[in-house]
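Notes follow once the structure below has been shown.
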Amino acid sequence: MEQWMLDLRNSVTKGETVDETYNVSVGEINEVRKVYPMRIPRYYYNLIQEKGDPIWMQAVPSIQEVQDEEAPEDPLNEDGDSPVPRLTHRYPDRVLFLITDRCPMYCRFCTRKRMVGRASDITEKTIAMGIEYIRNHSEIRDVLISGGDPLMVSDQKLEHIIARLRTIPHVQVIRIGTKFPCVLPSRITDNLCNMLKKYHPMYVNTHFNHPREITPEAKEACERLVNAGIPVGCQTVLMRGVNDDPEVMKELMHKLLMMRVRPYYLYQADLTRGTNHFRTRVEVGLQIIQALRGHTTGFAVPQFVIDAPGGGGKIPLMPEYVQRLDDKEVVLKNFEGKEYHYPQVDRQYVKDAREIELINF
Ligand SMILES: *Cc1c(COP(=O)(O)O)cnc(C)c1O
Ligand code: SF4
């Protein structure tokens with residue numbers, strides 16, 4: 001058995017195994033566990049410094065999860081947009097393909113809380129159906145392999161899936177979404193990277209939410225992927241009490257760049273049942289973007305998005321930089337709040353049909 005599998009087996013999975021020095025209610029943790037699974041790799045558990053800190057909040061079950069009865073279970077309507085089981089085809093040219101329901105850690109804020117870590121309906125057969133769907137739809141040029149966490153499956157099994165996708169001529173890009181570099185970096189082995197790099201262009205998106213998650217081990221894992229020629233991006237979830245602070249977020253983005261990980265999305269927390277206590281006001285995210293844009297490296301700034309409830313996809317949000325746009329000029333506000341005017345091209349010089357159409361739009 002590989003080291004990461006042993007590490008996984010050694011995870012904290014019960015109220016009883018949470019260190020008693022933390023003085024927790026084992027009963028409450030176990031009550032939550034009856035509804036939502038619990039697993040915390042020892043590596044991640046050891047990043048906790050005190051009860052209730054940002055690492056703790058993401059990992060240890062809270063009674064608030066089972067007190068939240070308002071939010072829907074599948075807010076993004078992923079099940080509704082699935083032409084075959086566990087494949088979501090929402091955008092014209094790309095799909096989300098779920099190949100497992102298991103994760104190295106069961107994050108308390110997870111959008112797919114309703115299905116991860118339970119009896120799964122994902123089988124060899126649903127995976128084969130997903131691959132066939134992709135093969136039969138030549139508009140699909142980008143396949144996002146996700147889960148659960150797709151790196152929960154063995155290298156061999158994962159390769160069997162990726163290799164089949166690579167036989168499909170219209171599949172240009174294959175992406176993997178994984179939490180492992182953050183919660184169990186020992187999974188990112190040389191063997192894994194050597195396998196992945198046979199199937200380029202491969203991209204990985206990982207998921208860090210707090211600067212304290214960026215450790216020497218996490219850095220080594222991300223660098224191993226990058227050194228295999230795989231661009232690594234990061235999706236971060238904005239959460240109350242975890243990272244809802246411009247300074248914390250800036251430190252996180254800077255630390256990501258130091259391990260050659262490119263910030264990609266900053267997600268407004270979804271409306272998922274059991275996660276309501278993590279939601280912030282939308283203004284908090286806008287304020288964070290405002291604090292980053294112009295104040296730090298352009299590519300340290302993720303795109304702030306709301307995954308629209310009901311399945312509208314990711315919708316970007318921006319602080320208001322355009323104050324006014326009319327026939328004569330655009331009035332802009334820069335990162336320091338100062339106003340600038342940029343004159344329009346006079347209508348009489350516009351000959352291009354497409355541009356005329358835009359003016360009249
Ligand atoms: C996020 C997502 C994608 C990928 O979106 P990008 O903006 O290209 O990263 C594709 N399909 C679904 C259903 C998604 O939720
Ligand atoms: S690893 Fe991803 S899918 Fe799994 S529980 Fe965490 S956020 Fe959810």
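One-based numbering, in listed order, for ligands and for the atoms of each.
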How many N, O or S atoms of the protein are nearer than 2.8 Å to atom 8 (Fe) of ligand 2? 1
For the residue pair D244 / T280, report whether a side-chain donor-acceptor contact shorter than 3.5 Å exists. no
H207 and N209 side chains, donor-acceptor separation under 3.5 Å: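 Note: N209 and H207 side chains meet the donor-acceptor criterion.
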Looking at [X] and [Y], does any basic side-chain N land under 4.0 Å from a carboxylate oxygen?
{"X": "R141", "Y": "D93", "value": "yes"}
{"X": "R347", "Y": "D327", "value": "yes"}
{"X": "R112", "Y": "D101", "value": "no"}
{"X": "R175", "Y": "D142", "value": "yes"}
{"X": "D326", "Y": "R324", "value": "yes"}

Return the protein residues near ligand 1 (heavy atom under 4.0 Å from any of its atoms), ordered by chain and residue number. T88, R90, Y91, R94, L96, L144, R175, Y264, Y265, K314
Check: Y133 ring centre within less than 6.0 Å of H89 ring centre: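 Centroid distance Y133-H89: below 6.0 Å, so yes.
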Below 4.0 angstrom from a heavy atom of M105, which ligand 2 atoms are there? Numbered from 1 as shown, please.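 Under 4.0 Å from M105, ligand 2 has these atoms: 1 (S), 4 (Fe), 5 (S), 6 (Fe).
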K113 NZ/CZ over Y36 ring centroid, <6.0 Å and within 45° of normal: yes
